[in-house]
Number of protein chains: 2
Amino acid sequence: MDDASHQHPVHPLPPGRVTLQQIAETLGVSTATVSLALRASPLVAEATREKVQAVARELGYVYNRSAASLRTARTNMIAVGVNDVVNPYFGEILAAIEETLAGSGHTVLLGTYSDDPAKQDRVLETLKEYRPDGMILCPANGAGGDALLRIARAGIPVIQITREIEGIGLDVVASDDVAATRLALDHLFGLGHRRIAVVGGNDTMSTGRNRRLAYRAFLAEKGLAFDPALMVTGLGTRDTGFAGIQALLDLAAPPTAAVCMNDLIAFGVMMGLRQRGREAGRDFSVVGADDVREAAMWAPGLTTVSTHPSEQGRRAGERVLVRTVNPALPPARIILPPTLVVRGSTGPVVP
Amino acid sequence: MDDASHQHPVHPLPPGRVTLQQIAETLGVSTATVSLALRASPLVAEATREKVQAVARELGYVYNRSAASLRTARTNMIAVGVNDVVNPYFGEILAAIEETLAGSGHTVLLGTYSDDPAKQDRVLETLKEYRPDGMILCPANGAGGDALLRIARAGIPVIQITREIEGIGLDVVASDDVAATRLALDHLFGLGHRRIAVVGGNDTMSTGRNRRLAYRAFLAEKGLAFDPALMVTGLGTRDTGFAGIQALLDLAAPPTAAVCMNDLIAFGVMMGLRQRGREAGRDFSVVGADDVREAAMWAPGLTTVSTHPSEQGRRAGERVLVRTVNPALPPARIILPPTLVVRGSTGPVVP
DNA sequence: CTGAAAGCGCTAACAT
DNA sequence: ATGTTAGCGCTTTCAG
């Protein structure tokens, strides 16, 4: 009787894939042994382990993580959701996360949503179906907490990064927005600036809200009047900075300095200044935020408040792994202290 | 008799996850019906479909892709392997790939390997185990074709992007290196430059090799002597450019212009020039390659040969999906024509 | 239009 | 130290 012709009554899937089973049959051992041997378990004899691994290599065996995941309910994937990977800030965060996770055998599943809450919800829903062991997310501008909470309730650890939906009780890794704002404003104040604009941000995300509140608190503290015309709302793009500085310079009483929500905005401001025949650091002072690599490369170099993006990524990676092991941990807010980096784009006020 | 206490003799996995089975039981239908209903199959009655979807939502059901993948041998994941996501060139490629794939229901699984062939091999081996439906890879500098071929032989479509291991018969999406080099050199030659350096690249990857050959061919064609001192070897980083231009300016007969392997190198060259009190476009001409977003933002703007990174990403994404559907397609080389973008960093030769 | 049954490839009890 | 067995959650024949 020809066994081979009978053992697979239907075979709709592409044949030829090597499985544990086949290794087991080739060697006349059980699949359990092969499974253990491939994972170098001490339960299996040295000699068998070597034989199994040799045959596996010979047959071109490739471990099937889908199958293992179904059994173990772990995927070794961590989903990362950010707005935009071209933005160097998110690029640095993503790179740091990827590097941290790779070190402990985890792989990044990536989703992006361009600061669009509806798209964010769709993307996160999909990522969830892959059953990642955890997720690291930067909430889209204006997004509510529902999507994140649904994920957490499905048993997947969620780490918020950079921005936070307040009060939903999920881990956060971010930079201290209030401290960052104060660092920038203190620096400019010390240089003699009194009319200081804030460019970018809005009140629909935590960073914008916190920093704008800190700005108003600072003004109040120094006895300076708040002028709404000095607060330019906008997303964190070069365009926001470029357009923003034009409007500010057209004011009857223009500012002498600007604090920007991020470095990209600051680059836009510096370009806009140059177009108006002015030079950052000489005629006008500009402070950025984040300290992306590019900030040091500009001429003049950009004075900025570093929010340590790589460090944020690393910490978020570490945190998600911790939560993977111990899901019951109480929520943590890991708020990194920002640092002022003084370069050439700021200088004493000119009358 | 209490059924609930007997139906699961062992239950080592965390309980409480909602499955198809549970939806089926709640409604008194079969899992097959639920499965079809959730995917909106026309085989199932409108009314049942609605009931099923309502219950699914109510119970907080989350589709388990690991389970589906095990059954269907498709994961809807595409693995992307690049050297470094902080590099804006790869950032743009990655973003374009992600966007293209998301449009057709595929998710990106990310791996990076910092131009290290050994790390590349490890990363690719891991990515392979997730059984992505396809892979888009930029080979590490100096890597051989074995790793890529092993993946292809395991039945996973492989698309090489930007760089290529020649002669292994796998799809490629890239820019025309020879044309790019000619575009840059013709531009400089037309401006009167005769001593033109080439900064960055090496002979262990296709782009470097091709462009350096094209450089020598151009010199020969124009009857210019080849001076090895004008060919600076190095990776595609700002540092390579910064150090490279210093060495070039120290030469007894320094060049009057430089063609760089990519924009990052060109930025480094421009910084190095500035440090020596020279200005790109006035005292020395610099041409980059790739046209990353940042190139337009410099002052002066960088003249560069665009290799259309977003377009490469988009095409690679489309190609991998095509191959997913039809794996037997003959290998294609999709070579995009580069474009010269003239900005301020080049000018007539100064004596 | 719906149900029954088998099985994707792996791991974890448990038994030997 | 190794084998037996069951089952993770889904999709797909095939029957009705």
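What's counted below: heavy atoms across the whole structure, side chains too, no hydrogens, waters or symmetry copies. Here is the naming used below: chain letters follow the sequence lines, and residue numbers restart at 1 for every chain.
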Requested in this report: Figure out the CD/P separation between A:Q21 and C:dC10, and round it to whole Å.
Outcome: 9 Å
**Report entry** Closest contact, heavy atoms only, B:C138 versus B:Y113
**Finding:** O-OH, 2.7 Å
Query - Whole-Å distance separating the CZ atom of B:R65 from the C1' atom of D:dC10 - result: 13 Å
Report summary line: To the nearest angstrom, the CG-P distance between B:L70 and C:dA6 comes to 17 Å
Requested in this report: Please name the residue in the list B:V29, B:V34, B:L27 that meets the side-chain contact (heavy atoms from CB on, under 4.5 Å) test with B:K51.
Outcome: B:L27
Report summary line: the helix from C:dC1-D:dG16 to C:dT16-D:dA1: angle between terminal helix axes, five bp per end, to the nearest 10 degrees, reads 30°
Query raised in the report: Once you round it to whole Å, what is the distance between P of D:dG9 and OH of B:Y61?
Result: 10 Å
Query - Of B:R131 and B:P42, the one whose closest DNA chain C nucleotide lies more 5' - result: B:P42
Query raised in the report: Out of B:L109, B:I156, B:I78, which residue meets the side-chain contact (heavy atoms from CB on, under 4.5 Å) rule with B:L127?
Result: B:L109
Report summary line: note: A:E129, atom CD; D:dG9, atom P; distance rounded to Å ~ 15 Å
Report task. Kindly indicate whether the side chain of B:V85, heavy atoms from C-beta on, has any atom under 4.5 Å from the side chain of B:L110. Result -> yes
Query raised in the report: Hey, are the side chains of A:V172 and A:I334 touching, using non-hydrogen atoms and a 4.5 Å cut-off?
Result: no
Query - Presence of salt bridge, A:E125 and A:K128, under 4.0 angstrom - result: yes
Requested in this report: In whole angstrom, give the distance that lies between atom CZ of B:R71 and atom P of C:dA6.
Outcome: 13 Å
**Report entry** Sidechain N-carboxylate O distance under 4.0 Å for B:E46, B:R49
**Finding:** yes
Query raised in the report: In terms of side-chain geometry, is the basic nitrogen of B:D115 or B:R163 positioned less than 4.0 Å from the acidic oxygen of its partner?
Result: yes
Query - DNA chain C-proximal residues of residues 27-39 of chain B, any heavy atom under 4.0 Å - result: B:G28, B:V29, B:S30, B:A32, B:T33
Query raised in the report: A:Q22 has an atom CD; how far is it from atom C1' of C:dC10, in whole Å?
Result: 14 Å
Requested in this report: Starting from C1' on C:dT11, measure out to CG on A:N64 and report it in whole angstrom.
Outcome: 13 Å
Query raised in the report: Between A:R71 and A:A67, is there a donor-acceptor pair closer than 3.5 Å when you use the side chain of the first and the backbone of the second?
Result: no
**Report entry** Listed nucleotide nearest any side-chain atom of B:L43, set D:dC10, C:dG9, C:dT2
**Finding:** C:dT2
**Report entry** Least distance between heavy atoms, A:N83 atom then A:F90 atom
**Finding:** ND2-CZ, 3.8 Å
Query - B:P117 to B:G142 - nearest heavy-atom pair and separation - result: CG-C, 4.1 Å
Query raised in the report: By a strict heavy-atom criterion of less than 4.0 Å, which residues belonging to residues 45-55 of chain B are in contact with DNA chain D?
Result: none
